[in-house]
2 protein chains.
Amino acid sequence: MFSKNVSRSQFKIAFFVTIFALDCGTCNTYTKEMLLLAFVVDFLLLNFAVSAPSDDLISNLPGLTEHATFKQYSGYLDASPTKHFHYWFVESQNNPQKVPLVLWLFGGPGCSSVDGVLSQNGPYRVNDDGKTLRNNLYSWNKIANVLYIESPASVGYSYDDNGDLKTNDDKICSSHYNALKDFFKKFPEFLLHPLYVFGVSYGGVYVPMLCVRIQNGDVKMNLQGMGIGNGVTSVPMIKNSLVFFAYYHGLLGDSQWKTLTSLCCNGTPSKENCDFVTNPKMKCEMMVAKTFQYLLSLGLNTYSLYSECSTGQPTRSKQYEHAMHAIYGTKSIQFNHTIYNKLESTMPCINSTAETSWLNRLDVREALHIKPGLPPWCVCSASVTYVSIYQSMEKQYKELLKDPNFRVLVYNGDVDSVCNFIGDDWFVDSLNVTLVKPQTPWYVNQQLAGFAKTFEQIVFTTIRGAGHMTSEWKPSYTFSMLNKFLKNKPFY
Amino acid sequence: MFSKNVSRSQFKIAFFVTIFALDCGTCNTYTKEMLLLAFVVDFLLLNFAVSAPSDDLISNLPGLTEHATFKQYSGYLDASPTKHFHYWFVESQNNPQKVPLVLWLFGGPGCSSVDGVLSQNGPYRVNDDGKTLRNNLYSWNKIANVLYIESPASVGYSYDDNGDLKTNDDKICSSHYNALKDFFKKFPEFLLHPLYVFGVSYGGVYVPMLCVRIQNGDVKMNLQGMGIGNGVTSVPMIKNSLVFFAYYHGLLGDSQWKTLTSLCCNGTPSKENCDFVTNPKMKCEMMVAKTFQYLLSLGLNTYSLYSECSTGQPTRSKQYEHAMHAIYGTKSIQFNHTIYNKLESTMPCINSTAETSWLNRLDVREALHIKPGLPPWCVCSASVTYVSIYQSMEKQYKELLKDPNFRVLVYNGDVDSVCNFIGDDWFVDSLNVTLVKPQTPWYVNQQLAGFAKTFEQIVFTTIRGAGHMTSEWKPSYTFSMLNKFLKNKPFY
């Protein structure tokens, strides 16, 4: 679409003139603006056709036997004057000019979105040798241009010039927004593309916050919706439902269950009667803490109940428990305001050895234009200090849904206990949006892929048999789901 | 251990003199009898050492590249004067003279125990070509002598001379007992071995009934215990728990759940409050029927929720629904007294093509000494007419547990919905046996294999991630469980 021979600076000047001309903070005539923007950008594209940043272009990837059939870029986006977030942008394998742009963020907080490129929905998988790559048949870039950003600073190959690695929900939101703006500076030709923001796990906090920011931001983007995969929606609902989920998946014994329900639910366990999270009764609180502690101690792959734990039965190491507390955190170790000091460099039970080996190769770092001198890549940062602020994203969802064109996909691999599907289902229900179609099975290649509940503007769906990272365990179902959502096809 | 050169008839006469001398119906001095029997049989073995029946010896198996390192036999056992049950007996790969004898029965009713030999816990797996065999690393015959009997007549290669294919719980119990007696006629040298009777699925009815019969029988066998895998224990408990299981595994939507619980549980869903099975309220009954119908219609692999369905999304064929009704049967299609007319020749969603192909080869039939002229082998009989009589095995368990040396293992793959673990857990609890150790995780190769609850004489355990046929999906965990049980090792 774009000639590589035209000056990028020419385009950039014109682009920002357009952006600033359109920026009006309080405007409600979003559609009109978008049309105007479309007109101006189209004009610019026709007259000042530009290339994407050639410095960031990935010309070859070590370990890849076939040359990629799509363009991809790796480099840095400025999240603040001192914070530089590493990004990896894969253009679509099909019609990159015509398909949406998906920003994809992994959670943790503190885990790298590049895990998405290499182990989840990206174009590659790293073979066990840690040296070679193979193609992922179900890469999301078959139907979308996908941008992966490593955040916050110190995650993956992102960094802060001053080594300031403290952040929180609000700060990271600004950082994400700035980085995205910087992306559009580098790739203005994608500004008109329908934009969908996806996040997994703690991305469930990043994404709605970022979307609100985009809606209210100084650069008008073509935001169409968001997708939340096994996400943190409402911490109380996720934790409350976890007790039910654990019992009915056989993780808790009857005696634990009876004690829990008599102490916390007046003996009649139901969603309405049980408060396992903020119960004022000390005995209930203690029992819940004991229960979560027990679940942590099992060596269960909490991300995918029926998969193996790559590191085997835990030794109840402090490291392991620390990492798990970030997820299961009990009242005494509040999720709210928790400081995730020195987050773990692994995800418990998940084997990231191959991708870690590959990403730390010098030739790979060079191919990805990684800033020299940075510490080794780890799937989760061991350095970031993160403060969670919000217990629920209800306010953000409600804000976002005021735009009648904004669409939401909440999806959950149904064998994940970290952000279990029941809690996210409850959360979606609690938004009181009009139900269009009750829970309905949907299929991929004649296999039952999950159950979807369709509301106005929202779809909630499970992915059968998938764990926390649905694309890792059920790539075809997750890909099919994305396709339905992007094309606004029904799940029934 | 046994010379093949000594007359079998000599031994048989001596053996039955011993048996009849010892038979005293009302005797309570079982231990003394066993000692006496041991003495007599030892004497006979020393003086009239015999071989197992050479006619039934499997000399070679088509498709097996390496010659088996253990002896195995295939032939017929008389279950009545006209009923001849095909058996396959695999001696242990290690110390067959010293390890227990396990009788293993598959359920349905109407499905073949030879599926156990070839797809579950037996020494072989059939490769996809339907022609060649490979060894099963976790074959139960590594630690036991295992006898598989195809029952009732018309299942697999079993038959009735007069084509009488009607049976029921009581009749099949007698047939099993007679067949087992016939086995000991053929293999008297195994009479002293500790005997454990195992059954899967509807084997949950066959096995306790047979064990009671053995305890009261005219031939004193060294019965030590029984194992029930994803078994029918109490039909009401299994069906009642299925509704909870289905909802908390995401198979039912919130609206279905709310309707069910308000109609059948007075709005407070709990084990105690909900009667989904025998509820006198018509609206509840209708809703439960609708729910089970819905579950049947999904094309879900009900035997293993997170596995694929080999035949894909169902077309809601009569055949499929018929087979599933045998499992989910609603009140209007009573499990009790249901006539399973023309049982299905497949298990829905399970691919038995390879073993079916292999077993129908002429050379395989010859190798297994199958009676010429029998119809083709199918995994489940399309001919048997079975009448279920009992709703619960409570009475049988209680009878069996009166023998303080009798031990019970109830185990459930935890992702099976056909006989879900919650119902069997409730059943075991309902026996009111003294708890020795509450639910405890146990491990195989440092992986969480399941959760076991230990009572006096009973262990209840789940097998993590396994479906209905635990050995098929989690062979190592199931093998380890058997080992613990046979050796009476704790699960904690």
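Residue numbers start from 1 in every chain, and the chains themselves are labelled A, B, ... in the order their sequence lines are given, proteins ahead of strands.
When heavy atoms are compared at a cutoff of 4.5 Å, B:P438 approaches chain A solely by way of its side chain, counted from C-beta outward. Proximity to chain B is absent for every atom of A:N420, based on heavy atoms less than 4.5 angstrom apart. With a threshold of 4.5 angstrom between heavy atoms, B:T261 does not approach chain A through any atom at all. Only the side chain of B:D429 comes within contact range of chain A, judged by heavy atoms closer than 4.5 Å. Neither the backbone nor the side chain of B:L435 comes within less than 4.5 Å of any heavy atom in chain A.
Residues of residues 471-485 of chain B lying under 4.5 angstrom from chain A, judged on non-hydrogen atoms, are B:K474, B:Y477 in numerical order.
Taking the six-membered ring for Trp, B:Y248 and A:F245 have ring centres at least 6.0 Å apart.
The distance from the OG atom of A:S255 to the NZ atom of B:K453 is 7.5 Å, given to the nearest 0.5 Å. Separation of atoms NE2 (B:H249) and CG (A:D414) is listed at 8.5 Å; rounding is to 0.5 Å. Note: B:N273 CG to A:T268 OG1 = 8.0 Å, rounded to the nearest 0.5 Å.
Looking only at distances, no side-chain donor or acceptor of B:R464 sits under 3.5 Å from a matching main-chain atom of A:G250. Remark: the backbone N or O of A:Q447 is not paired with any side-chain donor or acceptor of B:E308 at under 3.5 angstrom.
With chain B as partner, the option from A:Y247, A:W426, A:F421 having the largest number of non-hydrogen pairs under 4.5 angstrom is A:F421. If you tally non-hydrogen atom pairs under 4.5 Å between each of A:A466, A:S270, A:S307 and chain B, the highest count goes to A:S307.
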Original post:
What's the verdict on side-chain contact (heavy atoms from CB on, under 4.5 Å) for B:F451 and A:L298, showing C-alpha distance, side-chain angles and the deciding distance?
Top reply: CA-CA 10 Å; B:F451 295 90; A:L298 291 172; 3.8 Å; yes
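Residues B:Y294 and A:P441 approach most closely at OH-CD, 3.6 Å, considering heavy atoms.
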